[in-house]
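A short worksheet on the structure shown next.
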Amino acid sequence: MKLCRDQACLKLKSRPRSTIVMVRHYKRKSERATLPQDVIQQAIQQVRARVISLREASRTFDIPLKSLPRYCTKAAEANNNDHSLSGYKKPRQVLTDEFENQSEAYVLAAAEIYYGLAPKDVRKLAFQLSKAHGCDIPPTWHETEMASEDWFSGYLQRHKNLSIRSPQATSLARATSFNKTNVAMFFNQLAEALYSNFFPTNKALREIFFK
């Protein structure tokens, strides 16, 4: 039985469309490009020194024969700098590992002094840090002036020391210690520290703390 043009169109429109689901936590399906960098460097050094041939280095260090010449070429172009010779790059990681480690240390230090940052605060911090260092920022970051939720999810995956916790009520001991005597003691010690160490010639601070 043949369908007319209108019936065929209705039949095509009634078919469910395949939905595309973005993979947030990708799991590798192969072991390609997982060779340690020091093993590759040893193979390249022995090939450059003509100690062994490419084929012998491939068998000795268990490196694919077609990949080893490419590693040697990359090492020559990098001029012995600290560059990754194998593996997949992270094109969508905005901040480098160094800057992310610095932000992790800042977040942990803030939590230790009882000033824990909320997820939005961390996302704003990432935007400010990437903007200050001239990183390649996605357009959506500029619109919201903070990092995206996907970036924050990956950030937590890369830094296992960080976790999201619900805020807790102030303990009874801390609430009772916040009294007039302890507050006055704190400001007296602060004034002594400012006067003796950090601002010895600042007259304005002296007038404020030592009236």
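Residue numbers count from 1 along this sequence.
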Roughly how far apart are [X] [atom1] and [Y] [atom2], rounded to 0.5 Å?
{"X": "Ser103", "Y": "Leu162", "atom1": "OG", "atom2": "CG", "value": "8.0 Å"}
{"X": "Gln46", "Y": "Ser53", "atom1": "CD", "atom2": "OG", "value": "11.0 Å"}
{"X": "Ile63", "Y": "Leu54", "atom1": "CD1", "atom2": "CG", "value": "10.0 Å"}
{"X": "Cys72", "Y": "Gln45", "atom1": "SG", "atom2": "CD", "value": "11.0 Å"}
{"X": "Lys66", "Y": "Ser58", "atom1": "NZ", "atom2": "OG", "value": "11.5 Å"}
{"X": "Leu68", "Y": "Arg59", "atom1": "CG", "atom2": "CZ", "value": "12.0 Å"}

Problem - Within 6.0 angstrom of Asp62 CG, more than 12 heavy atoms from elsewhere - result: no
Exercise for the section: Answer yes or no: does atom CD of Gln102 have more than 12 heavy-atom neighbours from other residues, nucleotides or ligands under 6.0 Å? Expected result: yes
Going by heavy atoms in the side chains, are [X] and [Y] under 4.5 Å from each other?
{"X": "Thr96", "Y": "Glu98", "answer": "yes"}
{"X": "Trp151", "Y": "Leu95", "answer": "yes"}
{"X": "Tyr155", "Y": "Glu100", "answer": "yes"}
{"X": "Ile52", "Y": "Phe61", "answer": "yes"}

Identify every side-chain donor-acceptor pair in residues 123-139 under 3.5 Å, counting partners at least two apart or on other chains, and give the distances.
{"unit_1": "Arg123", "atom_1": "NE", "unit_2": "Ala147", "atom_2": "O", "d": "2.6"}
{"unit_1": "Arg123", "atom_1": "NH2", "unit_2": "Ala147", "atom_2": "O", "d": "3.1"}
{"unit_1": "Ser130", "atom_1": "OG", "unit_2": "Ala126", "atom_2": "O", "d": "2.9"}
{"unit_1": "Ser130", "atom_1": "OG", "unit_2": "Phe127", "atom_2": "O", "d": "2.9"}

